[in-house]
Enquirer: 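Starting off with a structure, shown below.
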Protein chains: 2
Amino acid sequence: MKDANEYLDKLLQELRRGTITISVLSQLSEPQYGYWLVTMLEEKGIHVEPGTLYPLLRRLEKQGLLESKWDTEEARPRKYYLLSETGKEVYKLLIVEWQQIVESMSNVIDIKGGKMDGDD
Amino acid sequence: MKDANEYLDKLLQELRRGTITISVLSQLSEPQYGYWLVTMLEEKGIHVEPGTLYPLLRRLEKQGLLESKWDTEEARPRKYYLLSETGKEVYKLLIVEWQQIVESMSNVIDIKGGKMDGDD
DNA sequence: TTACAATAGTATGCGTCATACAGTATACTA
DNA sequence: TAGTATACTGTATGACGCATACTATTGTAA
């Protein structure tokens, strides 16, 4: 049982891979800054490390999925990120694919509560 | 649009991470061999490379989630893998967490077709 | 003035996945 | 009988994202 939890952490980490990207993209149809995303996603049940998020944002911007601009007029300077047109495309496609993955998974994960006897 | 597809591949690859493990574990409540898993999962819409699966199986066995035995009585020798007790535990937990991830994601992914005006 | 929260950032290491191989034995075909 | 395709397992390598553990700065409250 303890062993199970040990490996679970790693497996779960892998499971969450990529979902962070979708989560982030999903919040950026309006400009938001990193720290807000961290707290925001946390509220929604998605934990993201700052050390994960900031490089992610930069990566996505570098790839052209996001655009950014500093806002220095507020109390503290914040870097706001926003979906680019490409980003919107990618986001849409990602969602479609995500849903297909979810569907495939539900096909594969055993149908609990409905024990099938046929073995076709 | 072309750029979008370029990055999509990588993002999707990341998305699928970990789901392969669950998929594999899901099929091993009864002993099965690698090649069968590849073709089997393919049918169910989950593509797994042999070069990914075999190391995965070995890894999972090494971690104690799987047990294996060679069957040399059939035409071709096959290595059969089966969930260990620990593996069953992990699998159960993985499913639970997976479902939570799916739920969190659906919270975050925009509610398409139902444009909300309130911003709570 | 001290201490904490807000905010952004970097460096490093691990782990898994895809790709590209190698290798053997059986079945099929000519 | 030779030759090719298929079944089947395996390894080596490289890419890349994530967690961890940091650094650094600036407001704000005590």
Side-chain angles (χ1 to χ4, degrees), chain A residues 6-25 31-43 46-63 65-66 68-81 90 94 101, chain B residues 6-25 31-43 46-63 65-66 68-81 90 94 101:
Chain A
E6 281 183 40
Y7 296 119
L8 248 193
D9 284 343
K10 292 180 184 175
L11 290 169
L12 289 177
Q13 181 177 330
E14 295 304 316
L15 256 191
R16 293 187 217 280
R17 283 220 183 194
T19 62
I20 297 181
T21 302
I22 291 191
S23 304
V24 167
L25 293 181
Q32 306 291 356
Y33 59 97
Y35 192 84
W36 183 87
L37 286 169
V38 172
T39 54
M40 178 56 172
L41 291 175
E42 185 70 42
E43 282 180 15
I46 298 173
H47 179 72
V48 190
E49 296 292 330
T52 298
L53 181 67
Y54 290 114
L56 172 61
L57 289 172
R58 294 170 151 266
R59 203 186 314 141
L60 293 175
E61 185 183 16
K62 192 173 157 193
Q63 296 177 342
L65 308 190
L66 297 182
S68 74
K69 62 183 173 203
W70 280 94
D71 183 346
T72 50
E73 294 185 5
E74 299 183 64
R76 290 184 203 73
R78 293 163 171 168
K79 195 172 184 180
Y80 281 82
Y81 288 89
V90 170
L94 268 181
I101 291 174
Chain B
E6 280 183 40
Y7 296 119
L8 248 193
D9 284 343
K10 292 181 186 175
L11 289 169
L12 288 178
Q13 181 177 330
E14 294 304 315
L15 258 190
R16 293 186 217 282
R17 280 219 187 197
T19 62
I20 297 181
T21 302
I22 291 191
S23 304
V24 168
L25 293 181
Q32 306 291 357
Y33 59 98
Y35 192 83
W36 182 88
L37 286 169
V38 172
T39 55
M40 179 56 171
L41 291 174
E42 186 70 41
E43 281 180 16
I46 298 173
H47 180 71
V48 190
E49 295 292 330
T52 299
L53 180 66
Y54 289 114
L56 172 61
L57 289 172
R58 293 170 154 267
R59 203 187 313 141
L60 294 175
E61 183 182 18
K62 192 172 157 192
Q63 295 176 343
L65 308 190
L66 297 182
S68 73
K69 62 182 173 204
W70 280 94
D71 183 345
T72 50
E73 295 185 3
E74 298 182 66
R76 291 185 204 74
R78 293 162 172 169
K79 196 172 183 180
Y80 281 81
Y81 288 89
V90 170
L94 269 181
I101 290 173

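So you know, we letter chains A, B, ... as the sequences are listed, proteins then strands, and number each from 1.
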Enquirer: Which one, C/dT7, D/dG10, C/dC17, comes nearest to the side chain of B/W70?
Expert: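 Between C/dT7, D/dG10, C/dC17, the one nearest the side chain of B/W70 would be D/dG10.
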Enquirer: Using whole Å, report how far CZ of A/R16 lies from P of C/dC14.
Expert: 22 Å
Enquirer: By nearest nucleotide on DNA chain C, pick out whichever of B/T19 and A/T52 is the more 5' one.
Expert: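 Mapping each residue to its closest nucleotide by heavy atoms, the 5'-most match is A/T52.
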Enquirer: Which part of the nucleic acid does B/G34 contact within heavy-atom distance under 4.0 Å: base, sugar-phosphate only, or nothing?
Expert: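 If one applies the 4.0 Å heavy-atom cut-off, B/G34 turns out to touch the sugar-phosphate alone, with no base involved.
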Enquirer: Quickly work out the B/Y54 OH to C/dT19 C1' distance and round it to whole Å.
Expert: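 Checked: the OH to C1' distance equals 16 Å.
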Enquirer: Roughly, in whole Å, what's the span from CG in B/L12 to P in C/dC17?
Expert: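 So the two atoms are 15 Å apart, to the nearest Å.
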Enquirer: Between atom NZ in B/K69 and atom P in D/dC8, what is the gap in whole Å?
Expert: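 In whole Å, D/dC8 P and B/K69 NZ are 17 Å from each other.
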Enquirer: Are any of A/Y35's side-chain N or O atoms less than 4.0 Å away from OP1 or OP2 of C/dA8?
Expert: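 No.
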Enquirer: State, yes or no, whether a side-chain contact exists between A/Y35 and A/Y54 at a heavy-atom distance under 4.5 Å.
Expert: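 Yes. Closest side-chain heavy atoms under 4.5 Å.
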Enquirer: Atom CH2 of B/W36 to atom P of D/dA7: distance rounded to whole Å?
Expert: 15 Å
Enquirer: If you check every side-chain atom of B/E49, which of D/dC18, C/dT19, C/dA6 has the closest atom?
Expert: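 Selected nucleotide: C/dT19.
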Enquirer: Whole Å only: how far is the CD atom of A/E42 from the P atom of C/dA6?
Expert: 13 Å
Enquirer: I need the minimum non-hydrogen distance between B/V24 and B/L60, along with the two atoms involved.
Expert: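 Shortest heavy-atom separation between B/V24 and B/L60 comes out as CG1-CD1, 4.5 Å.
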Enquirer: Please confirm whether the shortest side-chain N or O distance from A/K79 to OP1 or OP2 of C/dA8 is below 4.0 Å.
Expert: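 For A/K79, the contact criterion (side-chain N or O under 4.0 Å from OP1 or OP2 of C/dA8) is not met.
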Enquirer: Might you point out which heavy atoms bring A/G18 and B/L15 nearest each other, and give the distance in Å?
Expert: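 Minimum heavy-atom separation between A/G18 and B/L15: C-CD2, 3.8 Å.
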Enquirer: With a 4.0 Å limit, can you tell me whether A/R78 has a side-chain N or O closer than that to the phosphate oxygens OP1/OP2 of C/dT7?
Expert: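 Checking C/dT7 against A/R78, a side-chain N or O does come within under 4.0 Å of OP1 or OP2.
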Enquirer: Does a salt bridge link B/R58 with B/E61, judged by any charged N lying under 4.0 Å from a carboxylate O?
Expert: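 No, B/R58 and B/E61 are not salt-bridged.
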Enquirer: Does D/dC8 have OP1 or OP2 sitting under 4.0 Å from an N or O in the side chain of B/Y33?
Expert: yes
Enquirer: Please determine, for the side chain of B/A75, which listed nucleotide (C/dG15, C/dA8, C/dA27) has the closest atom?
Expert: C/dA27
Enquirer: Let me spell it out: for each of A/H47 and A/P77, pick the nucleotide of DNA chain D with the closest heavy atom. Which residue's pick is nearer the 5' end?
Expert: A/H47
Enquirer: Return the nearest nucleotide to the side chain of A/P55; candidates are C/dT10, C/dT16, D/dG17.
Expert: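 Out of C/dT10, C/dT16, D/dG17, the nucleotide with an atom closest to A/P55's side chain is C/dT10.
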Enquirer: I want to check one thing: is the phosphate of C/dC14, taken as OP1 and OP2, less than 4.0 Å away from some side-chain N or O of A/K10?
Expert: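 Indeed not, no polar side-chain atom of A/K10 lies that close.
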Enquirer: Using whole Å, what does the distance between atom P of nucleotide D/dA7 and atom CG of B/L37 come to?
Expert: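 My rounded result for the distance is 15 Å.
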Enquirer: Nearest-Å distance, CG (B/L41) to C1' (C/dC17)?
Expert: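 Nearest whole value for this atom pair: 15 Å.
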Enquirer: Dump the intermediate steps for side chain to side chain contact (heavy atoms under 4.5 Å, CB included) on B/I22 and A/L11, then the final yes or no.
Expert: CA-CA 9 Å; B/I22 291 191; A/L11 290 169; over 6 Å; no
Enquirer: When you check the phosphate oxygens OP1 and OP2 of D/dC18, does a side-chain N or O of A/R59 lie under 4.0 Å from one of them?
Expert: yes
Enquirer: Report yes if at least one side-chain N or O of A/R58 is closer than 4.0 Å to OP1 or OP2 of C/dT10; otherwise report no.
Expert: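 Checking C/dT10 against A/R58, a side-chain N or O does come within under 4.0 Å of OP1 or OP2.
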Enquirer: Run the numbers on B/L56 and B/V48 for side chain to side chain contact (heavy atoms under 4.5 Å, CB included), then give the verdict.
Expert: CA-CA 10 Å; B/L56 172 61; B/V48 190; 5.8 Å; no
